[in-house]
*Asks:* 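Before I ask anything, let me first share the structure, which is written out below as structure tokens.
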Amino acid sequence: MNANIGAPTADIAALLANYSLPKPLGFGVELAPIMFRADYRDGAWEAGQLVPFAPIAINPAATCVQFGQQCFEGMKAYRVAQNEPHLFRPESNYARFGRSAARLSMPAPTPELFGKAISQLCGAFQKFVPGDSGQSLYLRPTLLGLDHTFAVKASETYCFLLLASPSDAYYGKPISIMVEREHSRAAMGGTGAEKVGGNYAGSLLATRKSIDAGFDQPLWLDAASHTVIEELSGMNFMAVIDGALHTPSLSGTILPGVTRDSLLKLAASMGLKTVERTMLIADLLTDVKSGACSELFACGTAAIISPIAAIGEADGNRLSLPKENPVTTKLKTALLDIQEGRAEHAFSWTAKASDEQALINRLKS
Ligand code: COI
């Protein structure tokens, strides 16, 4: 019934003894030579283990291949200014992974399994977690439906993988974005608020269009009216307007980003006014033209905060933002200072990756 794969046994220590970090890292280019794998069958998760990173055998008729029964997360372990890798709000990623799995009728890994996977992988790979500011060990928990069936039904067997990539930030310089006025990323009742592969597959044509028009990626509008700003393809969207931080409210069609939520809380703690609201694209463009909108940025786990230098249309017309972005810079510094362990702060956002039991307790909270 399932398309399973014997997990290879290997001497993980010997594998890591021969490993070294490449330079430059880039984002998601280099893959750690180890991963964690656990399989689900007969209604239960097996214990799982660290295995060498390698392609896995998947039946070409598996539900993850045929129907996109797949979800994932993006998290990071940071090593800067700390001896050991620390995680940032891992319970938020775990909760979202659970919601994504449930939305596609998949069983989520238990807190014990998820915590063990993160803790064991970060522990084994500890000395290779890159340490410059903005770098991290990017973690990609992934859940795949394995049963082969051409009938549209949920799998009964699954594979949970934790992949890792020692990485730089997603973008090394300010980006430009194209307002996508034809296609939509998500509609009410769909999967836009979950982290499922199909959301990203559906964005790729618009990304190509935006690149062909001289931009980096599309800015998505709502599916119903094509007038309301939602988010970018893999990042949330924020604007500084009249000195306040504005972002689209969580309408049910955009991803509830952990970085988005953290920045709203951080900004408020720094005395900055924050506004979550329906943001009309027409109003935003007027505000950019008049100068009322002084800064735009993308935010997400991978992106951290990426300033947006210009916003434009498929015909190539664009509006430039001022080169100076003091609010963006201040927020980015404050966030990284917390994530990389340099700042005292009032939030309990960071957690030692190696303390498996404490991590599991957090995931249960
Ligand atoms: C993240 O920010 O971690 C993401 O998953 C976005 C993208 C790289 C897929």
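Indexing begins at 1, ligand by ligand and atom by atom, following the structure's order.
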*Asks:* Using a 4.5 Å cut-off on heavy atoms from C-beta on, say whether the side chain of L336 contacts that of R342.
*Replies:* yes
*Asks:* So which protein residues pack against ligand 1 under 4.0 Å, heavy atoms counted?
*Replies:* F72, G74, Y138, R140, Y170, K195, Y200, G234, T301, A302
*Asks:* Can you find a pair of side-chain heavy atoms, one from I308 and one from L219, that are under 4.5 Å apart?
*Replies:*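 Sidechains of L219 and I308: no contact.
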*Asks:* Do the non-hydrogen side-chain atoms of C122 and L139 ever get within less than 4.5 Å of each other?
*Replies:* yes
*Asks:* So do the side chains of Y171 and D216 get within less than 4.5 Å of each other, counting heavy atoms only?
*Replies:*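 Yes, side chains in contact.
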*Asks:* Is the ring pair F88/W349 parallel, tilted or perpendicular, if the boundaries are 30 and 60 degrees?
*Replies:*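 Answer is perpendicular, since the angle exceeds 60°.
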*Asks:* Between Y170 and Y138, is the side-chain contact (heavy atoms from CB on, under 4.5 Å) condition met? List the steps.
*Replies:* CA-CA 10 Å; Y170 199 89; Y138 182 76; over 6 Å; no
